[in-house]
Amino acid sequence: MENKLCFSVYGELYVVDLDRMLYFEADDHYTHVYYSSGTHFMIPFGLAKVEAALSDKGKAGDAFLRLGRKYIVNTRRVFHVNAVKQVAVLVDDHGTNYTLHLPKPVLRMLMENISGKLDTMVTQR
């Protein structure tokens, strides 16, 4: 289970396939899990527990980035970031866009993270 996270609570097991992940969204003491296939479900764990589990995965969790208090995103699924409009847009396997509204400093951090992983970046001023 290289690219999977397992969460166990009260005789239940939740298996999250990281290869299919789009993003995680906090909802009080729960986390909504959004897959690139369009599937969405909720696990009874807070976002901090998900973040800790991802950090324990090492290289498998490297594509995921915590964005503020509400989101952990798969940076491989981000295709547009606009700090002025304060949005990040992710795309699923069906071409559906998911727009996340975030503060400018958080989006700038996301932009730096993604551009730091790329070999080539073209800029225009």
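All values below come from the heavy atoms of this structure, side chains included, with hydrogens, waters and symmetry mates left out.
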_Let me confirm one number: the CG-CG distance from Asp62 to Leu54, rounded to the nearest 0.5 Å._
10.0 Å
*How about Phe7 and Leu13: do any of their side-chain heavy atoms sit closer than 4.5 Å?*
no
*Measure the spacing between OH of Tyr71 and CZ of Phe24 and express it to the nearest 0.5 Å.*
14.0 Å
*Count the heavy atoms belonging to other residues, nucleotides or ligands that lie under 6.0 Å from NE2 of His29, then report whether that count exceeds 12.*
no
_Note, Met21 side chain near Val33 side chain (heavy atom, < 4.5 Å)_ = yes
*Hey, does Val50 have a side-chain heavy atom less than 4.5 Å from the side chain of Val16?*
no
*asked:* Is it the case that the ring center of Tyr35 lies less than 6.0 angstrom away from the ring center of Phe41?
replied: yes
*How many angstroms lie between atom CD1 of Ile72 and atom CG of Leu22, to the nearest 0.5 angstrom?*
13.0 Å
*Are the side chains of Leu18 and Lys4 in touch, meaning some heavy atoms are under 4.5 Å apart?*
no
*asked:* Would you compute the distance between atom CG of Leu67 and atom CG of Leu47 and round it to the nearest 0.5 angstrom?
replied: 10.0 Å
*What pairs meet the side-chain hydrogen bond (donor to acceptor under 3.5 Å, both in side chains) rule with one or both residues in residues 41-55, with sequence neighbours excluded?*
Glu51-Arg66
*Are any non-hydrogen side-chain atoms of His101 and Thr99 less than 4.5 angstrom apart?*
yes
*Atom pair CG/CD1 of Asp27 and Ile43 - distance to nearest 0.5 Å*: 11.5 Å
*Hey, does Arg77 have a side-chain heavy atom less than 4.5 Å from the side chain of Ser36?*
yes
*Please name the residue in the list Thr75, Asn74, Ile114 that meets the side-chain contact (heavy atoms from CB on, under 4.5 Å) test with Leu65.*
Thr75
_Measuring from atom CG of Leu5 to atom CZ of Phe45, what distance do you get when rounded to the nearest 0.5 angstrom?_
11.0 Å
Atom pairs and distances, donor-acceptor, side-chain atoms in residues 83-92, under 3.5 Å, two or more places apart:
residue : atom : partner : partner atom : Å
Asp92   : OD1  : His94   : N            : 2.8
Asp92   : OD1  : Gly95   : N            : 3.1
Asp92   : OD1  : Thr96   : N            : 2.9
Asp92   : OD2  : Tyr98   : OH           : 3.1

_Would you say that Val9 contacts Tyr14 through its side chain, given a criterion of any heavy-atom pair below 4.5 Å between the two side chains?_
yes
